[in-house]
Colleague: 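If you scroll down you'll find the structure; I have some questions about it.
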Amino acid sequence: MKIVVTEDLAACHALRRTVFIEEQGVPEELEIDDLDDNAIHLLALVEDRPVGTARLFIKDETGKIGRVCVLPEARGTGLGAALIRAACQHLKDRGCTAAQLGSQSHALPFYEKLGFAAFGPIYDDAGIPHRDMSRRL
């Protein structure tokens, strides 16, 4: 497994389409937005096959991790945790001192194991309950 910064938006969109649009029922117009052109995209590869992605934004000293997804066949392998650790390291290398993300409610324990703490209320994002989380880098 390797995790790389990529310009291959087609691969990232294909993963996000499979997980968010097809599996979770997120409307395409909410999933594919105009923010991708200004984001840093990570791609997780197993034997050169894309299996996970995340996108990053940096504002001042805070990094935002979003659009995190892993194909069903790669879940439970540690790949998702490796993707988040790589995202945090990339943000830290770029001068960030904190990372934030919006977690689907069912994934809160996953992110808590990686050092994130929930804050604020539960909110709806594309019909899915979410909660904001943060951690120091």
Side-chain angles (χ1 to χ4, degrees):
M1 168 190 52
K2 65 182 175 180
I3 298 169
V4 298
V5 173
T6 186
E7 300 290 325
D8 188 353
L9 272 180
C12 297
H13 284 162
L15 291 164
R16 288 164 42 189
R17 174 174 300 284
T18 297
V19 173
F20 296 126
I21 297 171
E22 296 171 9
E23 181 183 336
Q24 297 182 355
V26 174
E28 183 170 356
E29 62 272 13
L30 295 179
E31 175 50 38
I32 308 299
D33 60 26
D34 60 356
L35 300 177
D36 281 327
D37 290 340
N38 298 315
I40 299 160
H41 297 272
L42 299 183
L43 193 59
L45 303 154
V46 172
E47 297 176 2
D48 293 325
R49 179 176 170 261
V51 294
T53 189
R55 76 176 182 185
L56 312 175
F57 294 99
I58 297 172
K59 182 174 183 189
D60 301 321
E61 292 183 0
T62 301
K64 170 86 169 148
I65 303 169
R67 298 303 201 268
V68 177
C69 67
V70 173
L71 291 180
E73 61 267 24
R75 294 177 193 156
T77 66
L79 186 135
L83 185 59
I84 296 304
R85 284 194 294 272
C88 288
Q89 187 61 53
H90 187 81
L91 293 170
K92 187 176 181 179
D93 291 347
R94 299 279 300 264
C96 293
T97 58
Q100 292 185 344
L101 55 85
S103 171
Q104 293 182 3
S105 292
H106 72 87
L108 288 168
F110 168 79
Y111 291 110
E112 287 169 345
K113 287 178 189 169
L114 294 167
F116 285 84
F119 67 92
I122 295 172
Y123 59 91
D124 179 277
D125 186 358
I128 301 168
H130 281 69
R131 192 146 182 230
D132 288 331
M133 302 188 85
S134 68
R135 69 163 279 188
R136 303 293 302 158
L137 295 176

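Keep in mind that this is a model prediction, so the values were computed, not measured. These values consider heavy atoms only, across backbone and side chains, with no hydrogens, waters or symmetry-generated copies.
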Colleague: Would you indicate whether the side-chain heavy atoms of Arg67 and Asp33 approach each other to under 4.5 Å?
Modeller: yes
Colleague: Evaluate Leu137 against Leu91 for side-chain contact (heavy atoms from CB on, under 4.5 Å), listing each step before the verdict.
Modeller: CA-CA 8 Å; Leu137 295 176; Leu91 293 170; 3.8 Å; yes
Colleague: Could you go through residues 75-84 and list every donor-acceptor pair under 3.5 Å that involves a side-chain atom there, pairing it with any protein atom two or more places apart or in another chain?
Modeller:
residue : atom : partner : partner atom : Å
Arg75   : NE   : Val70   : O            : 2.9
Arg75   : NH1  : Glu23   : OE2          : 2.9
Arg75   : NH2  : Glu23   : OE1          : 2.8
Arg75   : NH2  : Glu23   : OE2          : 3.4
Arg75   : NH2  : Val70   : O            : 3.0
Thr77   : OG1  : Ala74   : O            : 2.6
Thr77   : OG1  : Leu79   : N            : 3.3

Colleague: Side-chain polar contacts of residues 44-51 - donor-acceptor pairs under 3.5 angstrom, sequence neighbours left out - could you list them?
Modeller:
residue : atom : partner : partner atom : Å
Asp48   : OD1  : Lys2    : NZ           : 3.4
Arg49   : NH1  : Glu73   : OE2          : 3.4
Arg49   : NH2  : Glu73   : OE2          : 2.7

Colleague: Side-chain heavy atoms under 4.5 angstrom apart, residues restricted to Ile, Leu, Val, Met, Phe, Trp, Tyr: same cluster for Leu30 and Val19?
Modeller: yes
Colleague: Please round to the nearest 0.5 Å and tell me the distance separating atom CD1 of Ile65 and atom CZ of Arg55.
Modeller: 12.5 Å
Colleague: On a heavy-atom basis, which atom in Arg131 and which in Ala118 lie closest, and how many Å separate them?
Modeller: NH1-CB, 3.5 Å
Colleague: Run the side-chain donor-acceptor check on residues 10-18: report pairs under 3.5 Å with partners two or more places apart or on a different chain.
Modeller:
residue : atom : partner : partner atom : Å
His13   : NE2  : Asp36   : OD2          : 2.7
Arg16   : NE   : Glu31   : OE2          : 2.5
Arg16   : NH1  : Asp36   : OD1          : 2.9
Arg16   : NH1  : Asp36   : OD2          : 3.4
Arg16   : NH2  : Glu31   : O            : 3.0
Arg16   : NH2  : Glu31   : OE2          : 3.1
Arg16   : NH2  : Asp36   : OD2          : 3.3
Arg17   : NH2  : Glu28   : OE2          : 2.7
Thr18   : OG1  : Ala14   : O            : 3.1

Colleague: Count the heavy atoms belonging to other residues, nucleotides or ligands that lie under 6.0 Å from CD of Glu29, then report whether that count exceeds 12.
Modeller: yes
Colleague: At their closest point, which heavy atom of Gly102 faces which heavy atom of Tyr123, and how far apart are they?
Modeller: CA-OH, 3.6 Å
Colleague: Using the test side chain to side chain donor-acceptor pair (under 3.5 Å), find all partners of Glu22 that sit at least two apart in sequence or belong to another chain.
Modeller: none
Colleague: Closest approach of Glu61 and Gly95, non-hydrogen atoms and distance?
Modeller: CG-O, 4.1 Å
Colleague: Tell me the closest heavy-atom pair linking Gly63 and Cys96, and the distance in Å.
Modeller: N-SG, 3.6 Å
Colleague: Linking I/L/V/M/F/W/Y whenever any side-chain heavy atoms sit under 4.5 Å apart, do Ile40 and Ile32 land together?
Modeller: no
Colleague: If you compare all heavy atoms of Ala98 against all heavy atoms of Arg136, which two are closest, and at what distance to 0.1 Å?
Modeller: CB-NH1, 3.9 Å
Colleague: Just by modelled atom types, is the Leu42 backbone N or O under 3.5 Å from a matching donor or acceptor in the Thr53 side chain?
Modeller: yes
Colleague: What distance separates Leu9 CG from His41 NE2, expressed to the nearest 0.5 Å?
Modeller: 4.5 Å
Colleague: Where do Asp125 and His130 come nearest, in terms of heavy atoms and distance?
Modeller: CB-ND1, 3.4 Å
Colleague: Return a table of donor-acceptor pairs under 3.5 angstrom between the side chains of residues 105-112 and protein atoms on other chains or two or more places apart.
Modeller:
residue : atom : partner : partner atom : Å
Ser105  : OG   : Pro129  : O            : 3.3
His106  : NE2  : Gln104  : OE1          : 2.8

Colleague: Is there a side-chain contact (heavy atoms from CB on, under 4.5 Å) between Val5 and Leu56? Walk through the geometry before answering.
Modeller: CA-CA 10 Å; Val5 173; Leu56 312 175; over 6 Å; no
Colleague: Connecting only ILVMFWY residues whose side-chain heavy atoms lie within less than 4.5 Å of each other, what is the rest of Phe57's hydrophobic cluster?
Modeller: Leu35
